[in-house]
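What follows is a single structure, written as structure tokens, with notes after it.
All values below were derived from every heavy atom in this structure, side-chain atoms included, with hydrogens, water molecules and symmetry-related copies excluded. Counting starts at 1 for both ligands and their atoms, following the listed order. Here the structure is a predicted model, which means the values were calculated and not measured.
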Amino acid sequence: MSLSGNDGRDGFTSKFGILCATAGSAIGLGNIWRFPYVVGENGGGAFLLVYLGFILLLGIPVMLSELVIGRRGQRNTFGAFRKLAPGKPWWIIGVMGIAAAFMILAFYSTIAGWTLEYIVKSFANAFQGQSSESLAEMFREFHTGIFWPLFWQVIFMIMTAWIILAGVKKGIEKYAKILMPFLVGLLLIMAIRSITLPGAMGGLQFLFKPDFSELTAGVFLAALGQAFFSLSIGMGAIITYGSYISKGNNLTTIAAEVSIADTLIAILAGVAIFPAVFAFNLDPAEGPGLIFHVLPSIFQQMPGGYFFAVIFFVLLAIAAVTSSISILEVVVAFVVEELKISRRKATIMSATAALFVGVFCTLSFSSLGNVNIGGLTIFGVLDFTASNILLPLGGLLIVIFVGWVMMAADVKDELSNAGALKIRLYSAFNFIIKFIAPVAIAIIFLNSIGILKI
Ligand code: PHE
């Protein structure tokens, strides 16, 4: 990464680099692994509608608010709040974000490890000629094991830490430029194959035909959590990246473009997966293993499936790493700037700590599988707490901060690049972050814990 002259801090070099890095953070396992299984668990079409509404009404404004805080604050997420609101306790948002970062990194590395195993399996042509039952069995056997899931998790964490250490963000910018369009192209081909399977219609109906009787308080909370997770918002990843963005860039366009790209990719993943789920008679609500059964089944039915499978899992792992570095960066930027520890030490310490939690998460699919906390496994608890509680709560406080605590003139200054840009839609943005978003998030929370009944 080279210097862009923001208080002498590291920064992104070009508009394109910023877009790639931010989109790289947003687009990841959240779109291709988490989105389909959460849609599946929450009844399909109605969930999708609510999800899209949340992206537009809450997601984009929260992302823009994070960019404003980050670029204005020129600090890590904790330091930014301390600088922008000295002597007030808003830095708590930063502390919550760092806690969320550890939890997410822990379970993210479990799942990313699974994708590494699936690169090897696809290289070895392991899916060829297997029935969808035996593919399901293959996955079960792998992820309920101990050695390999842990091995791949460690490898993935080392990759993440190595990229953060080497500071090769510029390299990532370069690769993301070529590879992400590839991922989209491949998903498109898989979607076509999936839709043309016999029995695929049921999947499209499941995804696009809303059944409003499915909507419960839990579905709203799940959609909110998924929207925040997928956009990387609510924990300061975008604040941290925002602090590396130089003054000339248009924050509003970045927030809009990244959110749109992220959402389109999630929907595309849904279109690739659900028709096949129905065609192969699988259960859409089966949970986190969903894509690891369904995708190999699709590749099997494709001409050239061997190559498509290899390329796809490699791209998925890359998409995962460009997200996980943004999570680790939240912690590392904090440790470096606030605790004055070298970047190298900070990275090694943070990655090791996250890995320590991550091991429990991986083992919750095997030897710790019977640890049950409120009906959830360790994986379930980490995911629920981070995605459905900490991220939306962080988002709630972030919009309140930008809407009520920061001076309107400062916010406008960031949005307009000190008057150089004409800011459109400011009053809509202001109204959403001041009133709509805080009220909406609060209602969803209260509703889901049963305090409010709507
Ligand atoms: N948005 C990333 C994904 O979809 C995950 C992520 C969550 C990254 C929170 C940063 C912060 O895979």
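Closest heavy-atom approach to atom 9 (C) of ligand 1 within the set S232, A237, A266: this belongs to S232. The closest heavy-atom contact to atom 7 (C) of ligand 1, among the options Y241, F229, F228, comes from F229.
Ligand 1 places these atoms under 4.0 Å from at least one heavy atom of G28: 3 (C), 4 (O), 12 (O). Less than 4.0 angstrom separates some heavy atom of G30 from each of these atoms of ligand 1: 3 (C), 4 (O), 12 (O). Residue contact check: S230 has heavy atoms under 4.0 Å from atoms 1 (N), 4 (O) of ligand 1. With ligand atoms numbered from 1 in the order given, ligand 1 contributes 8 (C), 10 (C) to contacts under 4.0 Å with heavy atoms of S326.
Between E41 and R34 there is no salt bridge, since no side-chain N of the basic residue sits under 4.0 Å from a carboxylate O of the acidic one. Between E338 and R75 no salt bridge is recorded (no basic side-chain N to carboxylate O distance below 4.0 Å).
A side chain to side chain contact (heavy atoms under 4.5 Å, CB included) with L391 is found for one member of L224, I104, I233 and no other, namely I104.
Taking the six-membered ring where tryptophan is involved, the planes of Y51 and F47 are essentially parallel, since the angle between them stays under 30° and well short of 60°. Note on ring orientation: taking the six-membered ring where Trp is involved, the planes of F379 and W33 are perpendicular (angle over 60°, cut-offs 30° and 60°). The aromatic rings of F127 and Y118 lie parallel to each other, with less than 30° between the two planes, well short of the 60° mark.
Scanning the protein heavy atoms around atom 4 (O) of ligand 1, the nearest turns out to be A26 O, 2.9 Å. When hydrogens are left out, the protein atom nearest atom 2 (C) of ligand 1 is S25 O, 3.2 Å; that is the closest non-hydrogen contact.
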* Walk me through it: do T362 and Q153 pass the test side chain to side chain donor-acceptor pair (under 3.5 Å)? => CA-CA 8 Å; T362 297; Q153 177 174 41; 2.8 Å; yes
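Of all the heavy atoms of M235, the ones lying under 4.0 Å from any atom of ligand 1 belong exclusively to the side chain.
Using a 3.5 Å distance cut-off with no hydrogens or angles, the side chains of R82 and N76 do not pair a donor with an acceptor.
The shortest N/O to N/O separation between L29 and ligand 1 falls below 3.5 Å.
Ligand 1 lies less than 4.0 angstrom from a heavy atom belonging to Y108.
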